[in-house]
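The structure appears right after this line, and notes come after that.
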Amino acid sequence: MDHTAKKNKRLMALNDNKAGMEGLDRDKINKIIMESSKGSRFYENELKREQQVNQRIEKMMLQKAQITEQQLKKAQAEVERMATELERSRDLSRVIVHVDMDAFYAAVEIRDCPELKDKPMAVGSMSMLSTSNYHARKYGVRAAMPGFIAKKLCPNLVIVPTNFAKYRAVSGEVREIFAEYDPHFQSVSLDEAYLDFTDHLEQRQSWPESLRTHRFHASNFGLKSLPQEAVPEEKDLSPVLFDDSPSSSPCLSGPEGVGAAGGAFEVFGTSVEEAVREMRFRIEQKTMLTASAGIAPNMMLAKVCSDKNKPNGQYRLPSTREAVMDFVQNLPVRKVSGIGKVSEKMLNALGISSCSHLGQQMGLLSLLFSETAWHHLLQVSLGLGSTFIPRHEERKSMSTERTFKELSKVEEQLSLCRELCEDVAEDMKEEGLKGKTVTLKLKNVSFEVKTRALTLPYAVATVDEIFAVAKDLLKTEIDNESPQPLRLRLMGN
DNA sequence: TACATACAC
DNA sequence: TATGGTGTATGTA
């Protein structure tokens with residue numbers, strides 16, 4: 001193919017339009033990323049995968065060409081009916097909040113090492129970064145970018161290794177606060193959660209001021225005794241680097257004062273916004289870290305809203321059908337949780353980039369996508385989402401995997417496999433679990449991934465039981481390739 | 001059930 | 001030198 005050059009440009013390119021980039025411009029960044037990637041086995045594999053997606057799209061377009069006016073009309077009517085039905089059950093009565101800590105890992109590391117405060121930094125390794133701070137983002141340094149490429153974009157970048165034990169501890173502190181607003185909150189990860197504020201707000205209406213009053217803690221930074229104006233101090237209080245958030249910190253405008261003990265305090269109101277502001281305030285007082293939040297009538301919308309005034313901000317979408325529909329019209333499909341890179345590309349091929357397009361094309365989509373998929377898209381286009389927060393269900397799988405430098409010797413592969421089985425068995429023991437399906441995952445040096453699974457008639461949990469199965473699966477693969485050895489870079493199970 | 005793919009963080 | 005790890009859902013055979 002000769003027209004791939006253009007496409008390739010977009011393949012590895014900087015994926016984001018989030019933060020402003022003052023250091024380097026986009027083209028320059030993309031050029032550096034491309035030069036670092038081109039020719040690598042990783043890149044070759046990415047190209048291959050892109051081709052697969054393109055083929056999927058071609059197939060879809062062919063299918064589209066087959067659709068008759070008749071079919072489309074019929075599908076349209078069907079969609080219409082379903083939309084009416086969904087509309088009938090629209091529930092705007094819940095107040096759902098999505099909270100997201102700002103650049104969490106990076107913020108924690110900066111808090112604990114003020115040296116880093118004004119430097120571009122990221123958390124991770126030369127192989128992979130988890131997150132980066134604001135300064136680094138200016139250079140195009142992003143989460144999920146390998147550190148060695150980030151270093152090329154920003155030679156002064158400081159890379160701090162991850163310290164999950166610490167993040168877990170901080171996360172625990174934040175979750176204690178979440179629980180006070182919704183004991184049934186659902187955490188998505190260490191730094192993110194959904195809360196249903198409905199009940200809290202009802203209670204809150206009859207709360208005296210005392211319950212809505214929260215103190216600035218003098219323990220934060222060098223704030224011994226607070227001066228009368230806590231307002232301008234607030235920024236200095238924040239250890240987080242995102243001091244550029246424009247509309248997002250109207251925060252300390254409410255009535256606040258100085259307590260008898262000398263600590264300043266603030267009284268929060270009874271509205272949703274005030275309650276969420278209060279929660280974020282308490283998080284910051286407790287952890288010296290900032291959070292952003294989205295407030296909306298369902299989970300899907302709340303999630304999008306939390307991104308709106310990030311970092312250190314919040315956004316409320318009013319609970320009216322009109323506001324919701326309005327909000328959704330201009331929403332790029334990619335912003336919706338669950339619509340990733342591939343779905344976006346497929347939708348784009350159909351001329352769909354915003355949710356308003358979704359609404360217009362639902363007839364077509366119902367013919368080209370699976371039932372579950374188009375139902376979901378229809379809901380999105382109507383601004384619908386879950387209005388209750390499901391409790392975290394029981395885990396369905398447990399796994400461990402490791403990447404290493406090329407491993408080609410059979411004995412080494414087997415002993416590594418055993419090691420992984422030991423790890424999994426240990427983890428299973430900790431939770432007192434058993435499992436019936438053993439899955440072996442292999443990635444070769446060309447980044448091709450394979451999984452091999454076997455389901456047993458009974459549940460297993462011990463190393464020996466698991467390894468017995470995994471060893472067989474691995475041996476089968478080794479035999480399969482022989483006389484060529486398996487050249488593995490990752491193994492998991 | 002087996003496997004691959006997509007997605008999220 | 002160098003592109004992660006863990007878990008869920010879904011489509012398809």
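In what follows, chains are A, B, ... by sequence order, proteins preceding strands, each numbered from 1.
- Nearest-nucleotide positions on DNA chain B place A:Arg56 closer to the 5' end than the other of A:Arg56 and A:Asp100.
- Of the candidates B:dA4, B:dA6, C:dG5, the closest approach to any side-chain atom of A:Thr451 belongs to B:dA4.
- An OP1 or OP2 oxygen of B:dC7 is reached within less than 4.0 angstrom by a side-chain nitrogen or oxygen of A:Ser343.
- Here C:dT8 presents its P atom at 8 Å from NE2 of A:His392, a figure rounded to the nearest Å.
- A salt bridge does not link A:Glu58 to A:Lys64: none of the charged side-chain nitrogens sits closer than 4.0 Å to a carboxylate oxygen.
- Summarising the geometry, the separation between CG on A:Asn45 and P on C:dG4 is reported as 11 Å, rounded to the nearest angstrom.
- Distance A:Met128 CE to C:dT6 P: 14 Å, rounded to the nearest Å.
- A donor N or O paired with an acceptor N or O is not found under 3.5 Å between the base of C:dT3 and the side-chain atoms of A:Ser40.
- Nucleic acid contact class of A:Leu190 (heavy atoms, under 4.0 Å, all strands): none.
- When distances are taken from the side chain of A:Ser399 to each of C:dT6, B:dT1, C:dT3, the shortest belongs to C:dT6.
- Each of A:Phe447 and A:Ala373 was matched to the nucleotide of DNA chain C holding its nearest heavy atom; the match closer to the 5' end belongs to A:Phe447.
- Side-chain N/O atoms of A:Arg489 include none lying less than 4.0 angstrom from OP1 or OP2 on C:dA2.
- Taking atom CD of residue A:Glu426 and atom C1' of nucleotide C:dT6, one finds them 17 Å apart after rounding to whole Å.
- Relative to the side chain of A:Gln52, the nucleotides B:dA6, C:dG7, B:dT5 differ in distance, and B:dT5 lies closest.
- With B:dA2, C:dG5, C:dA2 as the choices, the nucleotide that has an atom nearest any side-chain atom of A:Thr403 turns out to be C:dG5.
- Going from atom CG of A:Asp191 over to atom P of B:dA8 covers 15 Å, rounded to whole Å.
- Ranked by how close their nearest DNA chain C nucleotide is to the 5' end, A:Ser397 and A:Ser130 are led by A:Ser130.
- When distances run from any side-chain atom of A:Thr372 to the nucleotides C:dT3, C:dT10, B:dA6, the shortest one goes to C:dT10.
- Taking the side chain of A:Ala144 as heavy atoms from C-beta on, and the options C:dA9, C:dT6, C:dG4, the nearest nucleotide is C:dG4.
- Heavy atoms of A:Ser125 sit nowhere under 4.0 angstrom from any nucleic acid atom.
- Side-chain atoms of A:Ser370 lie closest to C:dG11 of the nucleotides B:dT1, C:dG11, C:dT8.
- The pair A:Lys443-A:Glu448 does not meet the salt-bridge criterion, since no charged nitrogen lies less than 4.0 angstrom from a carboxylate oxygen.
- Among the heavy atoms of the strands, none lies under 4.0 Å from A:Arg41.
- For A:Arg402, taking side-chain heavy atoms from C-beta onward, the closest of the listed nucleotides C:dG5, B:dC3, B:dC7 is C:dG5.
- Distance A:Lys441 NZ to C:dG5 P: 8 Å, rounded to the nearest Å.
- Nearest nucleotide to the side chain of A:Val342, out of B:dA8, B:dC7, C:dT8: B:dC7.
- Aromatic ring centres of A:Tyr194 and A:Phe185: separated by at least 6.0 Å.
- A:Tyr167 pairs by the ring pair (Phe, Tyr, Trp, His ring centres under 6.0 Å) definition with A:Tyr105, A:Phe164, not counting sequence neighbours.
- Across the protein-nucleic acid pair, A:Lys450 atom NZ and B:dC3 atom P stand 11 Å apart, rounded to whole Å.
- Ion pairing between A:Arg81 and A:Glu78 holds under the 4.0 Å rule for side-chain N and carboxylate O.
- A:Asp191 places no side-chain N or O within donor-acceptor distance of the main-chain N or O of A:Phe104, the cut-off being under 3.5 Å.
- Distance from the side chain of A:Glu401 is smallest for C:dG5 among the nucleotides C:dG5, B:dA6, B:dA2.
- For the pair A:Met101 CE and B:dA8 P, the computed distance is 22 Å after rounding to whole Å.
- A salt bridge is defined here as a Lys NZ or Arg NE, NH1 or NH2 lying under 4.0 Å from an Asp or Glu carboxylate O, and A:Arg489 with A:Glu406 fails to meet this definition.
- The same atom, C1', is picked in C:dG4 and in B:dC7; the two are 15 Å apart, to the nearest Å.
- Using the Watson-Crick or G-U wobble rule with both distances under 3.5 Å, B:dT5 pairs with C:dA9.
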